[in-house]
**Student:** 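If you scroll down you'll find the structure; I have some questions about it.
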There are 2 protein chains.
Amino acid sequence: MSRSNPRVVSVLERAGGFASAQEVYRLMQREGESIGLTTVYRSLQSLVNDKFVDVLRREDGEAIYRLCGGAHHHHLVCKGCGETVEIEGGAIEKWAKTMAQEFGFRDVGHTAEIFGLCPKC
Amino acid sequence: MSRSNPRVVSVLERAGGFASAQEVYRLMQREGESIGLTTVYRSLQSLVNDKFVDVLRREDGEAIYRLCGGAHHHHLVCKGCGETVEIEGGAIEKWAKTMAQEFGFRDVGHTAEIFGLCPKC
DNA sequence: TATGGAAATGAAAATCATTTTCATTTGTGC
DNA sequence: GCACAAATGAAAATGATTTTCATTTCCATA
Ligand SMILES: [Zn+2]
Ligand SMILES: [Zn+2]
Ligand SMILES: [Zn+2]
Ligand SMILES: [Zn+2]
């Protein structure tokens with residue numbers, strides 16, 4: 001299992017919002033960094049395992065990754081420029097718990113994302 | 001644009017929870033129904049356009065489809081058997097609106113799903 | 001320093017869902 | 001029957017992701 005590659009982390013830092021594996025790869029190429037696509041995938045995978053980045057899916061199904069504080073949280077993502085704000089979701093946590101209880105579900109997790117246009121767009 | 005194919009709708013009805021295009025195709029094959037994979041994809045796409053089904057993504061990125069009331073709502077999905085309950089998300093709507101306002105986002109939508117184990121599993 | 005094995009790397013091939021192409025079939029009105 | 005549009009589906013193309021496998025880089029120990 002490859003270690004959390006610092007060069008990939010650095011790209012994600014500079015990228016700001018979410019970026020796909022292919023984008024990370026292209027970015028590194030453009031900047032003259034020598035790396036294989038396979039290594040990009042492996043590094044991102046291991047960063048996800050270690051909870052250093054979180055991953056979600058574009059509308060077309062492509063996985064996108066983002067550096068990310070470890071604590072559980074949610075996102076407000078701009079459809080225009082990709083700008084992302086990490087937000088707190090107390091209301092969601094409560095909602096999820098209530099609903100799960102009501103229907104007898106155990107061992108529950110949840111996803112919740114908000115998409116819109118940021119002030120700049 | 002292909003019409004909302006009633007045979008595909010029927011499969012989704014019988015399938016219960018979510019099913020991928022490939023699964024719908026395999027199911028119809030197994031039941032001796034003659035249909036092309038392309039047509040399955042086209043029918044599902046048009047059902048999504050017409051809001052007769054909603055679509056979300058498996059963890060691996062594969063799109064899954066489900067017959068679905070037209071109104072906006074959310075899902076409680078069993079990780080074990082796929083059993084799905086449509087739930088109401090008043091708390092989420094409010095949360096999304098509040099967060100969007102706070103950060104000046106316009107034109108916002110949201111997704112929210114809960115995953116867990118149903119009573120049977 | 002040499003050396004043997006473990007971990008990391010990456011090029012190329014394989015996988016697999018989804019889309020595109022394009023020729024054929026089906027349906028509908030005249 | 002005839003023309004024409006919509007629907008269909010087989011096969012090829014696409015594109016992200018994973019797998020394979022040979023090579024390189026590290027690292028500990030003799
Ligand atoms: Zn995050
Ligand atoms: Zn923006
Ligand atoms: Zn639904
Ligand atoms: Zn279940």
Side-chain angles (χ1 to χ4, degrees), chain A residues 1-12 15 17-68 77 79 82 111 113, chain B residues 1-12 15 17-68 77 79 82 111 113:
Chain A
M1 192 79 68
S2 69
R3 189 83 82 317
S4 297
N5 192 318
R7 295 194 296 153
V8 169
V9 172
S10 157
V11 172
L12 283 179
F18 285 95
S20 72
Q22 302 280 350
E23 286 165 353
V24 168
Y25 176 66
R26 275 179 239 127
L27 276 172
M28 296 181 76
Q29 296 256 298
R30 211 170 299 153
E31 295 172 6
E33 290 214 58
S34 167
I35 195 170
L37 182 55
T38 314
T39 302
V40 171
Y41 273 101
R42 276 191 289 236
S43 303
L44 287 171
Q45 190 50 61
S46 115
L47 284 165
V48 169
N49 289 341
D50 299 346
K51 315 258 188 183
F52 289 138
V53 315
D54 50 19
V55 49
L56 53 95
R57 300 257 166 201
R58 293 232 175 89
E59 199 131 325
D60 68 352
E62 191 176 0
I64 50 183
Y65 306 83
R66 181 173 191 279
L67 273 187
C68 182
V77 185
K79 292 187 279 200
T111 67
E113 307 288 330
Chain B
M1 193 76 71
S2 70
R3 188 86 79 318
S4 297
N5 191 321
R7 294 195 295 154
V8 170
V9 172
S10 157
V11 172
L12 284 179
F18 284 94
S20 73
Q22 302 280 350
E23 286 164 354
V24 168
Y25 176 66
R26 274 180 240 128
L27 275 173
M28 295 182 75
Q29 297 256 298
R30 210 170 300 151
E31 295 173 6
E33 291 214 57
S34 166
I35 195 169
L37 182 56
T38 315
T39 302
V40 171
Y41 273 102
R42 275 192 289 237
S43 304
L44 288 171
Q45 191 50 62
S46 114
L47 284 165
V48 169
N49 289 341
D50 298 348
K51 316 259 187 181
F52 289 138
V53 316
D54 51 20
V55 50
L56 53 95
R57 300 253 166 206
R58 292 232 174 89
E59 199 131 325
D60 69 351
E62 191 175 0
I64 49 181
Y65 305 84
R66 180 173 191 278
L67 274 186
C68 180
V77 184
K79 291 186 279 200
T111 66
E113 307 286 330

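Order of the sequence lines fixes the chain letters, A, B, ..., with proteins taken first and strands second; residue numbering starts at 1 for each chain.
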**Student:** Please give, in whole Å, the distance from C/dT18 P to B/Leu37 CG?
**Tutor:**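 The answer, rounded to whole Å, is 9 Å.
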**Student:** Report the distance from atom CD of B/Glu23 to atom P of C/dA17, rounded to the nearest whole Å.
**Tutor:**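 It works out to 10 Å between those atoms.
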**Student:** For D/dG9, take OP1 and OP2 only and decide whether either is under 4.0 Å from a side-chain N or O of B/Thr39.
**Tutor:**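 For D/dG9, OP1 or OP2 has a side-chain N or O of B/Thr39 closer than 4.0 Å.
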**Student:** Report the nucleotide, chosen from C/dT18, D/dT8, C/dT9, that has the shortest atom-to-atom distance to any side-chain atom of B/Glu62.
**Tutor:**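 Among C/dT18, D/dT8, C/dT9, the one nearest the side chain of B/Glu62 is C/dT18.
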**Student:** Between C1' on D/dG15 and CG on B/Asp60, what's the gap in Å once rounded to a whole number?
**Tutor:**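 Distance check: B/Asp60 CG to D/dG15 C1' gives 15 Å.
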**Student:** Among the candidates D/dA10, D/dA16, C/dA11, find the nucleotide nearest to the side-chain atoms of B/Thr38.
**Tutor:**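 Closest nucleotide to the B/Thr38 side chain: D/dA10.
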**Student:** Go nucleotide by nucleotide along DNA chain C from the 5' end; which of A/Arg7 and B/Tyr41 gets its closest nucleotide reached first?
**Tutor:**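 Between the two, 5'-proximity favours A/Arg7.
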**Student:** I need the CZ-P distance between A/Arg58 and D/dT17, as an integer number of Å.
**Tutor:**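 Result: 9 Å.
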**Student:** Between A/Tyr41 and A/Gln45, is any side-chain donor less than 3.5 angstrom from a side-chain acceptor?
**Tutor:**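 A/Gln45 and A/Tyr41 do not have a side-chain donor-acceptor pair below 3.5 Å.
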**Student:** Five pairs per end, C1' atoms only: what is the angle between the end axes of the helix from C/dT1-D/dA30 to C/dC30-D/dG1, to 10 degrees?
**Tutor:**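 About 10°, once rounded to a multiple of 10°.
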**Student:** Please give, in whole Å, the distance from D/dT17 P to B/Arg57 CZ?
**Tutor:**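 Nearest whole value for this atom pair: 11 Å.
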**Student:** Looking across every strand, which nucleic acid part, if any, lies under 4.0 Å from B/Gln22 by heavy atom: base, sugar-phosphate, or nothing?
**Tutor:**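 Contact class for B/Gln22: base.
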**Student:** So how far is it from B/Asp54 CG to B/Ile64 CD1, rounded to the nearest 0.5 Å?
**Tutor:**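 That separation rounds to 9.5 Å.
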**Student:** Using atom CD1 of B/Ile35 as one end and atom C1' of D/dT8 as the other, report the distance to the nearest whole Å.
**Tutor:**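 After rounding, the gap between these two atoms is 9 Å.
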**Student:** Would you give the length of the straight line joining atom OG of B/Ser10 to atom CE of B/Met28, rounded to the nearest 0.5 angstrom?
**Tutor:**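 Here the rounded value is 7.5 Å.
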**Student:** Can you measure from SG (A/Cys68) to CG (A/Leu12) and round to the nearest 0.5 angstrom?
**Tutor:**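 With rounding to 0.5 Å, SG (A/Cys68) is 11.0 Å from CG (A/Leu12).
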**Student:** Going by side-chain hydrogen bond (donor to acceptor under 3.5 Å, both in side chains), name the residues that satisfy it together with A/Glu62, two or more places apart in sequence or in a different chain.
**Tutor:**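 Per chain and number, A/Glu62 pairs via side-chain hydrogen bond (donor to acceptor under 3.5 Å, both in side chains) with A/Ser20, A/Arg58.
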**Student:** Nearest 0.5 Å please: distance from the OG1 atom of A/Thr39 over to the CG atom of A/Leu44.
**Tutor:**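 Rounded to the nearest 0.5 Å, the OG1-CG separation comes to 10.5 Å.
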**Student:** Please check if the side chain of B/Arg57 supplies one atom and the backbone of A/Leu56 the other of a donor-acceptor pair under 3.5 Å.
**Tutor:**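 It does not hold such a pair.
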